[in-house]
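First the structure, in the form of C-alpha cells, and then the observations on it.
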Amino acid sequence: METNYSAEQQAFRDSLRRYLSDKCDQSFIRENWDEVVPHTEELWGNLVEMGVTALLVPEQSGGLGMGMVDMGVVMEELGRRVNPAPVLASCVGATSAAAIYHCNDLLATLADGSKIGTVAFEEADKTLLSWQQPGVSIKSGKLNGTKVRVLDAMAADVLFVTAADGVYLIAADADGVTIEATEIVDGSRRIADVVFEDAAAEKVGELADFAPVIDRLLVGLSADALGAAEMALFTSLEYAKEREQFGVPVGSFQAVQHMLAEMFQQVEMAKAGLHYALWALDDAEAEEGHRAAVLIKAFIAEEFPHVGAEAVQIFGGAGFTWEYDIHLFYKRLLSAELLLGGSDVWLEELARIAIDR
Amino acid sequence: MDYRYPPEAEAFRQQVRGWLEENLTDEVKGLDNRGDIEPDDLLILKGWNKKLAEERMVAISWPEEFGGRAAGVMDQVVLAEEMHRVGAPGPLNPIGLNNIAPSIMTYGTEEQKEQYLKPMLSGEHIWCQGFSEPEAGSDLASLRTRAVEDGDDFVINGQKVWNTLGHYADYCELLVRTDPDAPKHAGISCLLIDMKTPGIDVRPLTTMTGAKEFAEIFFEDVRVPKSALLGPLNQGWMVAMNTLSNERAGIANLHLGVRRKIAGLIDEAKSRVVDGKPLTENPVVRSRLAKAYMMGEMQKAVGDVSIAGAANGEPPGAESSIVKICWTEIEHLVAETSAAVLGADALTDRWGDNRLYTRATSIAGGTTQVNRNIVARRVLGLPKG
C-alpha cells in the first residue's frame with residue numbers, strides 16, 4: 001500500500017514548483033488578475049513544454065498516456081500559486097472528453113497545446129445532480145440554450161456541450177455561440193455563460209459516457225484547492241512566527257497555535273482523501289472512483305473556506321488588505337468551494353450513495 | 001500510489017474469515033470487550049480470548065516465541081477489518097497487549113517475559129496501567145507516588161487514577177518516583193506488580209455514563225520485591241513510553257468503529273417513518289447523515305496514510321499525530337448527528353450512552369488541546385508561549 005506520489009512524480013512536482021515560483025509567482029498573478037484571459041502565451045508554452053497538456057492524452061494520440069495521479073501533481077502545484085492557466089478546463093475536462101469520444105484529431109492539438117478546450121455541462125436552473133437532463137436542445141444538428149459557469153470559455157477554441165440527446169463538439173467562434181464572462185471574487189479563475197442560438201455542432205457520443213469527465217474535474221479542482229490551502233496554511237504559519245506583538249511572536253499564543261494546528265488537520269485530511277480519489281479514478285471501478293471524487297469535493301467545500309478564513313484572521317488587519325497575498329488563497333478556496341457544485345450538491349449525492357443504495 | 005492490499009494479506013483475510021465463521025458463536029458476537037463488563041460476559045470473553053490465543057490471533061504482531069505471528073501491518077489491519085465485519089470482540093487486554101507488552105519485551109528479564117506475556121495473551125491475566133494521578137494528568141511526569149528502596153524490596157505509597165480495567169486487573173504496570181531529587185522525567189521507575197499485594201486498595205470509579213470503566217488505586221506501604229523493577233532504575237519514563245510496538249491495527253480500529261456506528265445510525269434512520277414519510281427523505285436528516293458519512297470516510301483515508309507509512313517501514317509522521325484528533329471530532333459529530341436524526345430517542349439506549357461516552361474520546365489518551373499543542377510545536381515548529 002502506498003498513499004504518496006512516486007519518486008518520479010515528486011521529481012516532476014519539484015520541477016513544476018521551481019518553474020512556477022520563479023516565473024509565475026504572486027506578482028505575475030496580480031498583473032493578470034481579472035484579465036479576461038489571465039494566462040499568457042509564455043506560461044502556456046512552458047506548461048506545454050513540461051508535458052502538462054499531453055499528460056492525459058493517450059499515447060496512440062500523441063500524448064503521454066498518464067493518469068489522474070500525475071495530473072494531481074500538476075493541479076496541486078497550480079493551486080499553490082493560484083495560477084490562472086486553463087489546465088482544469090482543457091487538460092482535464094476537454095482532454096478527458098476528447099479521449100472518451102475518440103476525437104483523435106482534436107486530441108493531438110490538445111496534446112501539443114495548439115488548442116485549448118473546455119466542457120460546458122452546467123445550467124442555471126439545475127445542480128450537477130441532474131446534469132444528465134440538460135435543457136440545451138438539439139434540432140437538426142443545431143444547439144439552443146445556455147450553459148453557465150463554463151471554465152475558461154474565453155480562452156477556449158473548442159467546447160464539449162451536453163445537450164438533450166448527447167454530447168456535442170463545437171468551435172468557440174462558431175456562428176450562434178456567444179460567450180459572456182462572469183466576474184467572480186476569485187480573479188485567478190475565469191468562468192463564463194455560453195449562449196447557443198441555432199449553433200451547428202457535431203455529435204460525438206452519448207451523455208452517460210460523460211460521467212467520468214465530471215468526476216475527474218471534481219478531483220482536479222480539489223487538488224487545486226489542496227495546493228491553495230497548503231499555501232494558506234504555510235503563509236500564515238510563517239507570518240505567525242515572524243509577527244511580534246506584546247514582545248513575542250503571535251504564533252507563541254496558544255489560541256493562534258490551535259488555529260494553525262486545526263488548519264493543518266484539515267489539510268492533512270484533505271490530502272489523504274484527495275490522494276485516494278486520484279488513485280481510485282485511475283485504478284478502481286468507476287462507481288468507487290465516483291464515490292471518492294464526491295467525498296473529496298464535498299469535504300473541500302465544507303472545510304476549506306474555514307482554512308482560508310483562519311489564515312486571513314491570523315494576519316489580522318494586514319490580512320484584509322489588497323497588499324498582502326493571503327486573500328489570493330482565500331479567494332481561490334472560495335471558488336473551489338462553489339464551482340462544480342458546493343456542499344449542498346455533493347452532500348446530497350453522498351446521501352444517495354450512503355442511504356439510498 | 002496503490003491502495004490495494006498485498007496478495008498475502010488478502011490470503012490471510014480468507015483464512016481469518018473461514019476461522020471466524022467456524023468459531024464465532026452467537027453468545028460471543030457483539031459483546032463489548034471494553035468498559036463495564038458484566039461478570040457473566042467476562043467469563044464468556046475470557047473463553048473467547050483463550051480460543052483466539054490458541055489460534056495465535058490475539059496479538060499477531062508479537063514474535064512467534066511469545067504466541068504471535070510476527071505479522072506485518074497489513075495482516076493486522078485485515079484481522080481488525082474481519083473482526084469488525086462480523087462483530088467479533090477483540091481480546092480483553094488491549095492495554096496490556098499494545099502498551100505494556102512491548103515494554104516487557106524490550107526491557108524485561110527472561111523471568112519477566114516468561115511469567116507475564118503468555119497469560120496476558122490468553123486473557124488469563126488482566127493488566128492495567130498505573131500512570132495518571134489526581135495531580136498528574138496531562139502533565140504525567142509530575143507524578144508523586146513514591147517507591148522507596150528498603151532491603152530487597154520497594155515500599156510504595158501514593159494514589160493512581162483513571163486505571164482502565166483496574167478493578168479487574170491481576171497485574172499493574174506502575175510508574176513511581178524513585179528519585180525525588182532528580183529532574184521530573186529522570187526520577188521515575190517502572191514496576192510490574194501483583195494487584196493482590198497487601199496494601200493495595202482498588203475503588204471502581206463510576207463514569208458519567210454510570211459505568212465502572214476505571215478504577216482508582218491506593219497504595220499504602222505496599223511492599224514488592226526489587227525483581228518487580230522493569231528496565232533500569234530511574235529510567236521508567238523511557239521504559240513506559242517505549243514506542244517500539246509493532247501494533248498498528250489500532251489506527252484501523254478507530255475508523256472501523258466509528259464507521260460501523262455511522263452505518264448503524266443510517267440503518268436506524270431508514271427504519272423510521274415520521275410524519276407519514278420515511279425519515280431518510282427529510283433533507284435535514286439526509287444532509288446530517290451525509291456529513292457524518294463523509295467524515296467517517298475521511299477518517300479512513302487519514303488512517304490509511306498512517307497504515308501505509310507503517311507498512312512501508314516509515315517512522316510515524318505528522319499524520320499520526322492528527323489521526324486521534326480527527327477521530328475524536330468525528331465521534332463527537334456522530335453523537336450530535338444521532339440527536340439531529342433521532343430526536344429525543346437519542347436520549348435513550350445505545351445512542352444516549354454513546355452521546356455521553358464520546359465526551360471521553362477527546363479527553364482520554366491525551367486531550368485534544370494537548371494534542372494540538374503537540375502538533376503546533378513539534379510539527380509546525382511554533383514557539384513555546
Side-chain angles (χ1 to χ4, degrees), chain A residues 1-6 9 67 69 72 233 237 240-241 248-249 251-254 256-280 282-284 291-292 294-296 298-299 302-303 343-344 346-356, chain B residues 1-6 9 73-74 77 262-263 266 269-270 280-281 283 285-309 311-312 314 318-319 321-323 325-326 329 368-369 371-377 379-385:
Chain A
M1 198 158 147
E2 179 54 74
T3 63
N4 282 318
Y5 291 123
S6 67
Q9 285 157 346
V69 176
L233 168 62
L237 176 63
K241 289 176 182 173
V248 292
S252 67
F253 301 132
Q254 204 176 36
V256 175
Q257 293 189 346
H258 284 198
M259 287 165 77
L260 287 160
E262 204 177 324
M263 291 158 70
F264 175 74
Q265 174 192 340
Q266 308 292 39
V267 166
E268 289 296 306
M269 283 186 99
K271 190 191 291 179
L274 174 78
H275 286 188
Y276 176 69
L278 291 168
W279 175 83
D282 285 346
D283 284 325
R291 191 185 74 99
V294 174
L295 274 169
I296 189 59
F299 182 82
E302 279 283 281
E303 307 296 334
S343 61
D344 55 334
W346 298 117
L347 283 179
E348 170 55 24
E349 178 66 0
L350 284 181
R352 294 178 184 185
I353 290 169
I355 302 170
D356 302 340
Chain B
M1 289 178 201
D2 189 354
Y3 286 79
R4 286 168 304 183
Y5 290 11
V73 174
M74 297 317 297
V77 171
I262 294 163
I266 288 174
K270 281 167 99 161
T280 51
E281 284 180 13
V285 166
R286 293 176 72 75
S287 155
R288 298 291 292 252
L289 286 174
K291 173 114 191 217
Y293 171 78
M294 173 183 88
M295 295 306 286
E297 297 307 293
M298 296 304 287
Q299 177 71 30
K300 173 173 171 19
V302 165
D304 281 350
V305 174
S306 270
I307 286 164
N312 298 331
E314 293 157 19
E319 74 293 333
S321 57
I322 61 161
V323 168
I325 310 182
C326 291
E329 291 186 347
T368 296
Q369 289 65 36
N371 275 308
R372 290 223 160 97
N373 289 346
I374 292 170
V375 170
R377 307 250 170 81
V379 183
L380 301 178
L382 286 162
K384 203 167 173 159

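Residue numbers begin at 1 in each chain, while the letters A, B, ... track the order of the sequences. It should be emphasised that the depicted structure is a prediction, and the values quoted were computed from it without experimental measurement. These numbers come from the heavy atoms of this one structure, side chains and all, not from hydrogens, waters or symmetry mates.
Of the listed residues B:M74, B:K384, B:Q299, B:K291, the one with more heavy-atom pairs under 4.5 angstrom with chain A than any other is B:K291. With respect to chain B, the highest number of heavy-atom pairs below 4.5 Å among A:S6, A:A351, A:G273 belongs to A:A351.
One distance of note links CE of A:M1 with CG of B:D304; it measures 3.5 Å at 0.5 Å rounding. A:E262 contributes atom CD, which lies 10.0 Å from atom OG1 of B:T368 (distance to the nearest 0.5 angstrom). Atom CG of A:L237 and atom CG of B:L382 lie 5.0 Å apart (nearest 0.5 Å).
For A:A292, no part sits under 4.5 Å from any heavy atom of chain B, backbone or side chain. At a 4.5 Å heavy-atom cutoff, A:L274 makes no contact with chain B through either its backbone or its side chain. If you measure heavy-atom distances from A:V69 to chain B, the contacts under 4.5 Å come from the side chain alone.
Closest non-hydrogen pair, A:Q265 versus B:I325, comes out as OE1-CG2, 3.6 Å. Shortest non-hydrogen contact noted between A:I355 and B:R286 is CD1-CA, 4.2 Å. For B:M294 against A:L295, the heavy-atom pair with the smallest separation is CA-CD2, 3.7 Å.
Under the side chain to side chain donor-acceptor pair (under 3.5 Å) criterion, B:E297 pairs with A:R291, B:R259, sequence neighbours left out. With sequence neighbours excluded, the residues forming a ring-ring contact (aromatic ring centres under 6.0 Å, His included) with B:Y3 are A:Y276, A:W279, listed by chain and number.
Between the side chain of A:Q257 and the backbone N or O of B:P383 there is at least one donor-acceptor pair closer than 3.5 Å.
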